[in-house]
Amino acid sequence: MNNTTLVIGASTNPNRYSNIAIKRLRDKNLSVLALGLRKGRVLDVDIDDEKVAYKNIDTVTLYLNPKRQEEYYDYIISLQPRRVIFNPGTENMEFIKLLKNNQIESEIACTLVLLSTNQY
């Protein structure tokens, strides 16, 4: 089973939760891809600034507020991930319903907590 995670809202700022999540995912030797407003790099993970048609994404973890997510609805659905994690502050019932209609699981949770409690 593929365990690639796509972090959307990725940042090179070490104080951002998306940045910390990338580091913790890599600490667990998980495959990570990242999409953000600006190109950059966190550890060995390049941050893309354009929507790439990635293949075999298991999990999308969101670090975008609900309003900013709207432009990503079709994109994320097109990736057909197994699940989308809505981190604190990203909860979006409209998007959760769209995901469900497309047979994609959603989880309102914190990626960092899931990783630290071995529930990821």
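Annotation: ring pair (Phe, Tyr, Trp, His ring centres under 6.0 Å) contacts of Y73 (sequence neighbours excluded): F95. For N118, the side-chain hydrogen bond (donor to acceptor under 3.5 Å, both in side chains) test picks out K28, with sequence neighbours left out. Judged as a side-chain hydrogen bond (donor to acceptor under 3.5 Å, both in side chains), and not counting sequence neighbours, the contacts of D46 are R41. Take Y120 and apply the side-chain contact (heavy atoms from CB on, under 4.5 Å) test, not counting sequence neighbours, and it matches T5, L25, L30, T59, R83, I85, T111, L114, L115. With sequence neighbours excluded, the residues that form a side-chain contact (heavy atoms from CB on, under 4.5 Å) with N65 are K67, R68. Applying the side-chain hydrogen bond (donor to acceptor under 3.5 Å, both in side chains) rule to E71 yields no partners; only residues at least two apart in sequence or on another chain are considered. Partners of P88 by side-chain contact (heavy atoms from CB on, under 4.5 Å), not counting sequence neighbours, listed by chain and number: C110.
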T4 vs I57, side chain to side chain contact (heavy atoms under 4.5 Å, CB included): CA-CA, chis, key distance, verdict = CA-CA 5 Å; T4 300; I57 300 296; 3.8 Å; yes
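Residues L64 and V60 share a hydrophobic cluster, clusters being chains of Ile/Leu/Val/Met/Phe/Trp/Tyr side chains in contact below 4.5 Å. Residue L35 is not grouped with residue L37 when hydrophobic side chains (ILVMFWY) are merged at heavy-atom distances under 4.5 angstrom, including chains of intermediate members. Transitive grouping of hydrophobic side chains (ILVMFWY, heavy atoms separated by less than 4.5 Å) brings I108 and L98 into a common cluster. V42 is connected to V32 through a chain of hydrophobic side-chain contacts under 4.5 Å among Ile, Leu, Val, Met, Phe, Trp and Tyr, so both are in one cluster. In the hydrophobic cluster analysis, where Ile, Leu, Val, Met, Phe, Trp and Tyr join through side-chain heavy atoms closer than 4.5 angstrom, L33 is grouped apart from V45.
Sorted by first and then second residue, the pairs that involve residues 15-26 and meet salt bridge (charged side-chain N to carboxylate O under 4.0 Å, His left out), not counting sequence neighbours, are R26-D44. Among residues at least two apart or in separate chains, there is no ring pair (Phe, Tyr, Trp, His ring centres under 6.0 Å) pair with a member in residues 14-40. The list of ring pair (Phe, Tyr, Trp, His ring centres under 6.0 Å) pairs with a residue in residues 98-118, not counting sequence neighbours, is empty. Listed by first and then second residue, the salt bridge (charged side-chain N to carboxylate O under 4.0 Å, His left out) pairs that reach into residues 88-101 come to none, sequence neighbours excluded. Within the structure, no pair that satisfies the ring pair (Phe, Tyr, Trp, His ring centres under 6.0 Å) test touches residues 34-72, not counting sequence neighbours.
In D74, the CG atom is not crowded: 12 or fewer heavy atoms of neighbouring residues, nucleotides or ligands sit closer than 6.0 Å.
Shortest non-hydrogen contact noted between I47 and S11 is CD1-C, 3.8 Å. The shortest non-hydrogen separation linking I77 to L99 is CG1-CD2, 4.1 Å.
Atom NZ of K55 sits about 11.0 Å away from atom CD of Q80, to the nearest 0.5 Å. Note: I8 CD1 to I76 CD1 = 3.5 Å, rounded to the nearest 0.5 Å. Here the CG-CG distance, from N56 to N3, works out to 11.0 Å after rounding to the nearest 0.5 Å.
For the pair T90/Q69, a side-chain contact is recorded, criterion being any heavy-atom separation below 4.5 Å from C-beta on.
Between the S106 side chain and the I96 main chain, no donor and acceptor come within less than 3.5 Å of each other. At least one donor-acceptor pair under 3.5 Å links the side chain of N87 to the backbone N or O of L62.
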